Amino acid sequence: MKAFSRLLAGLLYTPARNSKLRLLRAYLAETPDPDRGYALAALTGTLAFAEAKPAAVREVARRRVDPVLFDLSYDYVGDLAETVALIWPTSGGMRDLRLGEVVDTLTLAARAKVPELLEGWLDRLDAEARWALIKLLTGGLRVGVSERLAKAALAEHGKVELAQVEEIWHGLDPPYRTLFDWLDRKAPPPQIDAGRLFRPLMLAHAIEEHELFALDPRDFRAEWKWDGIRVQIVSGPNGTRLFSRGGEEVGTAFPDLVERMAFPGVVDGELLVRRGEGVAPFNDLQQRLNRKKASARHIVDYPAFVRVYDLLFEGEEDLRHLGFDARRARLETWVGKTGLATGVIDLSPLVPFADWEELGRHRLSAGALNAEGLMLKRADSPYVSGRPKGFWFKWKRAADTIDAVLMYAQRGHGKRSSFYSDYTFGLWTEPGGELVPVGKAYFGFTDAELAELDKWVRNHTVDRFGPVRQVEAGLVLEIAFDSAQRSTRHKSGVALRFPRVARIRWDKPAGEADVLETLVKRIPA
Amino acid sequence: MRPETWVRPTPSGLFVEPGGFYIDPSSPVDRAVVTHGHSDHARGGNRRVLATAETLAIMERRIGADAVGSTQALSYGETVEVNGVRVALAPAGHILGSAQVVLEWRGSRVVVSGDYKRRRDPTCPPFEPIKCDVLVTEATFALPVFCHPDDKEEVARLLRSMAVFPDRTHLVGVYALGKCQRLIRLLREAGYDRPIYLHGALIGLCDLYRERGVDLGELAPATEAPPGMFAGALVLAPPSSLGDRWSRRMADPVLSFASGWMRIKQRAKQRGVELPLVISDHADWNELTRTLDEVGAPEVWVTHGREDALVHHATGRGIRARALSLLGFEEEGS
Ligand SMILES: [Zn+2]
Ligand SMILES: [Zn+2]
């Protein structure tokens with residue numbers, strides 16, 4: 001627990017991804033099995049102890065220390081694990097506790113025994129390790145380790161490609177012994193049950209006109225880039241799973257899809273909501289995504305389906321080494337034979353074009369179709385996980401822009417922590433009216449522009465709240481965004497997708513920035 | 001004589017009525033006794049000030065001799081009479097010159113602790129517990145979650161981090177008075193003998209400590225060095241300048257902050273601190289409660305911090321305890 005607590009504290013305090021990676025790598029190298037595997041599972045949120053609820057932890061502490069002092073302390077500190085760790089009356093640190101011991105003991109323990117176990121452990125650990133133990137038991141570590149970062153650390157630890165780890169990760173369970181045996185060169189790669197496995201996705205690079213025009217249009221195929229969420233359907237004898245692009249299972253929110261999909265294979269596509277003959281705006285899908293479990297009403301109101309564009313496996317046969325055209329032919333046959341019959345799968349059509357100009361004209365209609373733009377895929381490209389160069393490109397539809405007024409600025413993180421680099425911008429309720437915040441942008445500007453923005457913020461501050469400064473309504477930012485949608489969570493009633501600073505309009509008087517109505521009109525019906 | 005009849009809180013601070021003087025007044029008064037030089041205790045504009053010679057020197061450095069008023073220096077252990085009230089100063093162990101105020105009138109003794117700590121500080125003599133009828137105690141860290149670790153351990157963590165990241169600047173936030181000089185002394189005792197770079201706001205008080213015989217080793221102003229020089233260097237700065245433009249010249253700095261508040265991880269995290277050092281010039285919970293036991297006062301007045309918890313604890317031990325709400329003291333300076 002000592003090593004784990006050091007890792008946890010290090011990760012908490014370290015904002016930079018590279019430093020986090022370094023801490024993880026060192027931990028994996030120095031820590032024996034099964035502890036390192038359990039630690040990784042805890043960090044990525046795959047380890048849960050249903051028996052150890054925060055309320056139980058609090059009760060254990062209130063029994064051991066003066067409850068009045070405990071409550072005053074908890075009020076002040078605000079974090080349960082930290083309060084208990086610090087207030088626990090023994091100095092501890094005598095005998096360390098292995099992560100594996102905690103997991104094994106809790107797996108076997110009756111629920112009623114948990115408080116007693118916890119008390120014994122807290123007595124033998126020091127404050128930092130107590131904190132880590134409680135965090136581990138109650139979940140919610142929140143130290144900024146994504147699954148992807150954990151996989152990157154594993155790849156670096158074993159000196160293998162990230163894709164190799166990603167390929168098998170979803171077939172493994174904590175404490176990942178077979179994985180570590182392989183990474184430590186003690187065993188061949190783990191064998192996993194292909195029927196339940198997420199295959200890491202192939203991703204595209206963004207491309208601009210001038211780069212595109214240098215390519216030969218005959219080498220490429222085009223499809224719409226749909227504005228939904230990318231999913232992978234994995235179906236086999238053990239059932240059907242729906243994975244998001246990061247490999248998280250999203251099937252429980254879409255039982256209407258999962259129950260109708262039963263075919264052996266792995267398919268890549270876009271999860272969308274239908275509206276009439278077409279595709280509903282992203283906001284409709286958001287309604288479904290907002291819920292962990294779908295209600296019958298939602299299923300009817302927001303009918304979901306998957307528009308497929310690639311076939312990775314047909315039955316047991318791995319098609320990923322084939323070129324795009326060959327896979328596409330297999331896909332089309334498969335959709336006709338199997339996909340359409342499900343009633344919740346259709347085919348993403350190819351967009352025919354002779355040259356880039358023609359494709360450019362198609363691109364103009366992307367908005368009307370609720371598509372984000374076009375995808376370009378090399379006719380001969382195999383399906384390679386990650387973002388390989390030269391194969392797939394996304395050519396987004398021209399971004400919308402709006403002229404907004406800078407309202408608040410907040411300090412950034414890591415390298416930017418001395419700069420005011422996170423900007424909240426707003427629009428006028430009416431000409432000469434008030435400003436309402438509509439979004440936040442933290443990229444789109446160069447380092448030199450950042451320095452100027454920072455200076456402007458410091459010189460025009462009217463109020464401060466912790467790390468946030470409120471500024472005079474005096475600077476116009478041209479904000480580019482992918483789409484606007486209705487939002488009940490924002491005071492303005494509008495939320496922007498991917499807002500970024502397109503230009504700083506030093507020249508434009510703030511009074512001439514846009515009014516909210518202009519933005520509201522951009523929300524797709 | 002019941003103590004509350006002759007010592008009482010007022011909007012200007014704790015007033016010793018028969019003596020006609022205030023302790024650490026928050027607004028200008030005719031006569032002030034000042035426990036130590038921190039800005040929330042030692043303010044300008046009073047007509048007459050009684051304090052240790054060190055505290056008076058600090059005040060002059062900080063606010064200028066004119067603003068201090070006419071001064072009277074008192075050494076630890078020395079006693080004067082002010083309008084019949086006997087006044088003595090005893091070491092508080094908080095910073096250079098810091099003192100407890102020992103007041104005696106008609107057979108009753110009140111001790112005002114000022115800010116204090118109980119652990120060793122190489123820049124000032126240790127706190128002396130004094131038996132009394134009333135203890136007026138500070139309560140900055142009066143919650144049982146505050147248990148400051150050994151400062152040698154904390155300094156060792158700083159040195160370890162410097163060894164692990166030899167190319168990065170270690171930028172440590174320290175309060176200009178007390179923490180800065182204590183940390184430098186602790187580093188020197190731990191064997192760190194390279195120059196330590198100082199933000200301009202720290203230089204004057206370091207000079208004063210040296211004039212008073214505290215050996216701080218080689219110090220250099222951080223403002224004059226070329227940017228490249230900071231790789232691997234140790235730079236001390238006031239906490240307020242940590243996330244500021246000032247720090248941009250540093251090579252990929254490790255932000256650190258030496259304060260008792262760093263005990264709370266979320267606090268450190270909020271301030272963007274990567275290397276929190278739990279080094280405090282205030283008593284932690286154990287020191288506060290141990291002091292109550294040692295001075296044996298049947299009555300305790302708690303001020304300046306988390307009063308509720310200490311009042312609750314004292315009451316549980318049969319001590320008459322109450323919170324004094326004195327104005328003007330800040331959390332900063334810890
Ligand atoms: Zn002080
Ligand atoms: Zn104070």
Side-chain angles (χ1 to χ4, degrees), chain A residues 5-6 8-16 18-19 22-23 26 61 64-79 81-91 93 126-128 131-132 135 142-144 411-420 451 454-455 458 466-467, chain B residues 139 141-150 153 157 160-161 164-165 168 171 241-250 252-257 261-278 284-286 289 305-313 315-317 331:
Chain A
S5 66
R6 261 205 302 272
L8 216 54
L11 291 169
L12 176 73
Y13 296 133
T14 308
N18 268 338
S19 313
R22 192 161 149 175
L23 291 169
R64 265 305 266 281
V65 299
D66 182 325
V68 173
L69 293 179
F70 178 83
D71 291 346
L72 284 169
S73 298
Y74 186 25
D75 267 1
Y76 180 79
V77 175
D79 178 273
E82 208 169 356
T83 309
V84 176
L86 293 174
I87 207 170
W88 198 256
T90 56
S91 55
D126 65 19
E128 186 114 315
W131 169 71
K135 285 281 177 202
R142 280 190 280 276
V143 289
R411 283 215 183 113
H413 296 282
K415 250 172 53 187
R416 286 169 151 199
S417 59
S418 70
F419 291 94
Y420 285 89
D454 177 81
K455 191 167 153 210
R458 290 174 194 274
Chain B
F141 289 111
L143 280 175
V145 287
F146 290 109
C147 165
H148 307 323
D150 184 353
E153 264 304 304
R157 286 200 307 119
R160 224 165 22 237
S161 174
V164 174
F165 301 106
R168 299 177 68 185
L171 178 59
S241 67
L242 278 194
D244 212 353
R245 270 183 278 198
W246 188 81
S247 68
R248 283 183 208 156
R249 65 177 68 216
M250 314 289 161
D252 183 19
V254 175
L255 291 192
S256 179
F257 184 16
W261 301 115
M262 292 297 102
R263 185 77 178 161
I264 311 290
K265 291 190 161 59
Q266 291 307 329
R267 278 228 177 187
K269 174 86 183 150
Q270 275 159 16
R271 297 196 68 138
V273 171
E274 197 173 336
L275 180 70
L277 299 174
V278 190
D284 68 8
W285 176 255
N286 294 326
T289 55
R306 267 125 287 281
E307 293 93 344
D308 305 356
L310 198 56
V311 167
H312 172 82
H313 169 87
T315 308
R317 302 188 68 92
E331 194 171 88

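The sequence lines fix the lettering, A, B, ..., with proteins before strands; numbering per chain opens at 1. Predicted model, so just to flag it, every value in this text is computed and none were measured.
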Handout entry: Engaged part of Phe419(A) at the chain B interface, taking heavy atoms whose separation is under 4.5 Å
Key = both
Problem - Proximity breakdown for Trp88(A) and chain B, heavy-atom pairs closer than 4.5 Å - result: neither
Handout entry: Under 4.5 Å from any heavy atom of chain B - which part of Ala85(A)
Key = neither
Fill in the blank from the handout: Residues Val273(B) and Tyr13(A): closest non-hydrogen pair is O-CD2, 3.6 Å
Practice task
Return the minimal non-hydrogen interatomic distance between Val164(B) and Arg22(A), and the atom names on each side.
Solution key: O-NH2, 3.7 Å
Problem - Option that, when pairs with chain B are counted at under 4.5 Å, heavy atom only, ranks first among Val68(A), Asp79(A), Val77(A) - result: Val68(A)
Handout entry: Region of Pro149(B) in contact with chain A, defined by heavy-atom distances below 4.5 Å
Key = neither
Handout entry: From CG (Asp308(B)) to CG (Asp71(A)), nearest 0.5 Å
Key = 12.0 Å
Handout entry: Closest-packed option against chain A by number of heavy-atom pairs under 4.5 Å, given Gln266(B), His313(B), Lys265(B), Arg263(B)
Key = Lys265(B)
Fill in the blank from the handout: Test side chain to side chain contact (heavy atoms under 4.5 Å, CB included), reference Val145(B), set Val84(A), Leu72(A), Leu69(A), Ile87(A), output is Ile87(A)
Problem - Closest approach of Lys269(B) to Leu12(A) (non-hydrogen atoms, all atoms of both residues) - result: NZ-O, 2.8 Å
